[in-house]
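Step one of this worksheet: look at the structure below.
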Amino acid sequence: MLLIIYLLVLVGFAESRQYEIFLNEEAPINTIIYDLNNLSPSQITYQLLESSSLLHFNSTTNLISISKRIDRDVLCPYDEQCTKCSLTMKLYNMSSYDILILKFKINDINDNQPTFSSNTYSISLTENNIPGMKIHLSKAEDIDCLLNGVHYYELTYMFNNRIVISSINLHETKNQTTQFNDQPFYLNYDLNSDLYLIINISLDRELRDEYVFTLTVNDYKHTTSTKINLIVLDVNDHNPKFPQSIYSFNISSSVPIGTILLKLTAYDEDSHDNARIYYSLLSIDGHKIESNEKNDLFYLNSYTGELSLKSKLNQVDSKNIFKLIIGASDGTHNAIPALATVYINIVNDLHNDNKSLIQITFGSNRVSKNHTEVYISENLPNATFIAYVKSDENIQVIYDGGFFMQKLAENSFTLLTNQIYDREKRSSFKVILHNKHVQRSFKIIVTDVNDCKPMWNTEVLNIDVDNYVHSNDPIIEQLNASDCDENSKVAYRKKNKSWPYFASLLSNQLIINCSAQLNETNNDCWFKVSNGEVHFDVEAYDVDNENFSSVMKIRLYRRSMVDDDELKTYMPSSRYDFFELFNHDYILRSIAILMGLLFVIAAILICIYCRRESIKRPASLITDDHSTKQKIIQTSSSEQTSSAGSLYGSEKSDNITVETSDMFLFSPKRAALIPHPADNLTNKLFHSIQTDLSVLTEKNPPIITTRGTYV
């Protein structure tokens, strides 16, 4: 107790020294952060007076280490500038009797990534807004200090089929928003550190009802993204419209009450309640119908647009035609309604005892003169009114689909479409009506609406510039996209701005200035294709509606620079075989094989010629003038010599030896003395040699044989 009091007294009067030591957060536990022995060359004893639980002092070694995890973001959550977060340790020097104060300042590291409060944000905004409207956005949070916090926002979205990027750097001193003033949407960061989405256009729900943005944030190390959905709400800014302004049809004067004569359908480009349409009968033959006034002839359903008959027309003898004005509105107060004029022609019935009638009243005013064809536009909604049919007898209908019958009364019904017509799939439907006495027929002709986009016959157009290596003319390819709509016009344009300058479009022709001639100015194309393939896109679009379009890729390559497998990938097999047939390597191999065959044939002919020349020269004429003896024929392995007398006394000798001192010759006179058995091969050979030598002896003087042996 006395020691503690003594220390307190000394501390109270002792001087103090202070040191600042910098320490990174998240350093490993037991890391040595300071050595007190560095303060003095001699060993000094220190007494710990005050310290944080995160630090440990070893009084034996005078080393200070980390005892627990140090997280600056938890210790100092409000120190955004990273200047106030520190740990303090006080020690008493037992030798110099002064106080040592160690202040450990904690440095921040970028160990936390920015986070948004939600992965998806939804914003609703009514259309027809004023451009320049600001929408406040939620910022990303980063618990690191400002130096390692958020510094960059980026907004990415699609607009008119292209990607638009708007970015902003929070640490830039200059205002960056002015460079994005021409963009439909961009980011703004004001002086109050608030983030805004600027809507720089007037939104129109009928053109586009939703925009999707990707908001990305970065803190030099980590990146985080979130989605923003901008939903455009509808404003009742469109009036209803009728597909046609005039309707005209014929009906019989005996049409029963309640018959639906016509169903009118108007459309409104607004949505939901703003597109709800109400129909009203405004006038009949110029007489205005007030809202509370009733007429006794026609009834119009204000919700469905169906016009029906309320009383019999044969009671109105003086009228042959009625003119009705019908309006359609969306319920907006003081809104101007859409108007349609309806002409109803009354046809008197013709009664015949022997023949009944089939009456047809078409709903469309586009009918052929002989009433055998009625024209209906494609893409009209289901249950569109086609015709009203009535007969005084039981009637049968023969048809091949396309509509259904709605029976109104006995022997009367309406024909309504049972599908949305598509002219590209089917352009007409035939209907046959007949009873016991009469048969009538007509065709439903589906008229065209521009609803198809041009199509290419291939996705990739491969152009081998090696085929034009010897030509100085540009490469011209005819573009042939097709549109299945009637009277459609297809045009072509560059898909993007990355087109090479040596390629151009002229009407429906793709022109590529590519030449291998070095003296040409356009050989840059050849250089690029020789170093790799060149790709770009061409787009075919409908002239009447440019939103209908399709893209084809153009591929320029050199066949000699592409291996066989890659060539087969881009080229049809038949075309590949054709080019393979005329491959340069194939031609060289063919020439080599042909030369080899010619060499073999020449060698055979030379051998045959030499053989024939050797046969023409007899071996018996090859003699040596300086030789005294020469053997002509030897027919056995043992040589025997006989006297001249044995020639006449023996016929069984197998050895034949002819010798002369100068030359061996056979006399033709001795040939008779030699037997010639028919089956003796040796005698046949001898006879042949003797015959050849006899020819030679006739041209020479007689030679006396001094010695010889004949068998």
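On a predicted model such as this, the values are computed, not experimentally measured, just so you know. Note that the numbering runs from 1 along the sequence shown for the chain.
The line from CG of L380 to OH of Y421 is 9.5 Å long, rounded to the nearest 0.5 Å. In this structure, F502 CZ and N513 CG are separated by 9.5 Å, a value rounded to the nearest 0.5 Å. The CZ atom of F385 sits 12.5 Å away from atom CZ of F403, with the distance rounded to the nearest 0.5 Å. Considering CD of E269 and CG of N239, their distance stands at 10.5 Å, rounded to 0.5 Å. How far CD1 of I33 is from CG of L55: 4.5 Å, rounded to the nearest 0.5 Å. For the atom pair CG of L125 and CD1 of I199, the computed distance is 4.5 Å after rounding to the nearest 0.5 Å.
Considering only heavy atoms from C-beta on, D464 comes within 4.5 Å of Y557 through its side chain. The side-chain heavy atoms of L75 and E25, taken from C-beta on, include no pair separated by under 4.5 Å. In this structure, T120 and S122 have side chains that are not in contact, with every pair of non-hydrogen atoms separated by 4.5 Å or more. A 4.5 Å side-chain heavy-atom check between R366 and T447 finds at least one atom pair inside the cut-off. Side chains of I101 and T88 form a contact here, defined as non-hydrogen atoms less than 4.5 Å apart. Between W499 and L505, the closest side-chain pair of non-hydrogen atoms falls below 4.5 Å. A 4.5 Å side-chain heavy-atom check between D142 and V217 finds every atom pair outside the cut-off. Annotation: side chain of L197 is not in contact with side chain of L215 (no heavy-atom distance under 4.5 Å).
Looking only at distances, no side-chain donor or acceptor of Y186 sits under 3.5 Å from a matching main-chain atom of D182. With T265 contributing its side chain and G305 its backbone, the two residues share no donor-acceptor pair below 3.5 Å. When atom types are taken as modelled, the side chain of D537 and the backbone of K495 share no donor-acceptor pair closer than 3.5 angstrom. Using a distance-only test at 3.5 Å, with no hydrogens or angles considered, no donor-acceptor pair links the side chain of N200 to the main chain of P184. With D190 contributing its side chain and S193 its backbone, the two residues share a donor-acceptor pair below 3.5 Å. A donor-acceptor pair under 3.5 Å links the side-chain atoms of N129 to the main chain of I201, judged by distance alone. Under a 3.5 Å cut-off, the side chain of S507 and the backbone N or O of Q509 do not form any donor-acceptor pair. For N382 (side chain) and Q419 (main-chain N/O), a donor-acceptor pair under 3.5 Å exists by modelled atom type. In this structure a side-chain-to-backbone donor-acceptor pair under 3.5 Å is missing from E546 to Y541. No donor-acceptor pair under 3.5 Å is formed between the side chain of T384 and the backbone N or O of T417.
Closest approach of L87 and L54 over heavy atoms only: CD1-CD1, 4.1 Å. The two residues A140 and Y153 have their closest heavy-atom pair at N-OH, 3.1 Å. Taking each heavy atom of Y196 and D194 in turn, the nearest pair found is CE1-CB, 3.6 Å. E459 and M552 make their closest contact through O-CG, 3.5 Å (heavy atoms, listed as atom of the first residue, atom of the second, distance). Heavy atoms only, all atoms of each residue included: I32 and S65 are closest at CD1-CB, 3.9 Å. Among all heavy-atom pairs drawn from I29 and S67, the shortest one is CG2-O, 3.6 Å.
Surrounding NZ of K553 are at most 12 heavy atoms belonging to other residues, nucleotides or ligands under 6.0 Å away. Taking a 6.0 Å sphere around CD1 of I163, one finds it holds 12 or fewer heavy atoms contributed by other residues, nucleotides or ligands. Within a 6.0 Å radius of NZ in K103, other residues, nucleotides and ligands contribute 12 heavy atoms or fewer. The local environment of CG in L207 is crowded, with over 12 non-hydrogen atoms from other residues, nucleotides or ligands closer than 6.0 Å.
Using modelled atom types, one finds a donor on one side chain and an acceptor on the other under 3.5 Å when comparing D108 with N148.
Ring planes of Y279 and F242: tilted class, angle from 30 to 60°. Between Y211 and F213, the ring planes lie parallel to each other; the angle is under 30°, not in the 30° to 60° tilted range.
The sulfur atoms (SG) of C452 and C484 lie 2.5 Å or more from each other.
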Practice problem: Start with the C-alpha distance between R69 and E26, add both sets of side-chain angles, then the distance that settles salt bridge (Lys or Arg N to Asp or Glu O under 4.0 Å), and finish with yes or no. | Solution: CA-CA 6 Å; R69 175 174 176 257; E26 303 294 349; 2.8 Å; yes
Quiz prompt | Verdict with reasoning, E210 to N229, per side chain to side chain contact (heavy atoms under 4.5 Å, CB included) | solution = CA-CA 7 Å; E210 185 179 13; N229 294 328; 4.0 Å; yes
Exercise. List the steps, then state whether side chain to side chain contact (heavy atoms under 4.5 Å, CB included) holds for D219 with N112.
Key: CA-CA 9 Å; D219 66 350; N112 295 282; over 6 Å; no
Exercise. Go through the steps to decide whether S53 and K68 satisfy the test side chain to side chain contact (heavy atoms under 4.5 Å, CB included), and finish with yes or no.
Key: CA-CA 8 Å; S53 62; K68 295 181 181 180; 4.3 Å; yes
Exercise. Given side chain to side chain contact (heavy atoms under 4.5 Å, CB included), test W456 with L479 step by step and report yes or no.
Key: CA-CA 9 Å; W456 298 95; L479 303 177; 4.1 Å; yes
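With N450 as reference, D542 is the one residue of D542, D483, N487, N545 to meet the side-chain hydrogen bond (donor to acceptor under 3.5 Å, both in side chains) rule. Under the side chain to side chain contact (heavy atoms under 4.5 Å, CB included) test applied with N218, the options H151, Q113, E154 reduce to a single match, H151.
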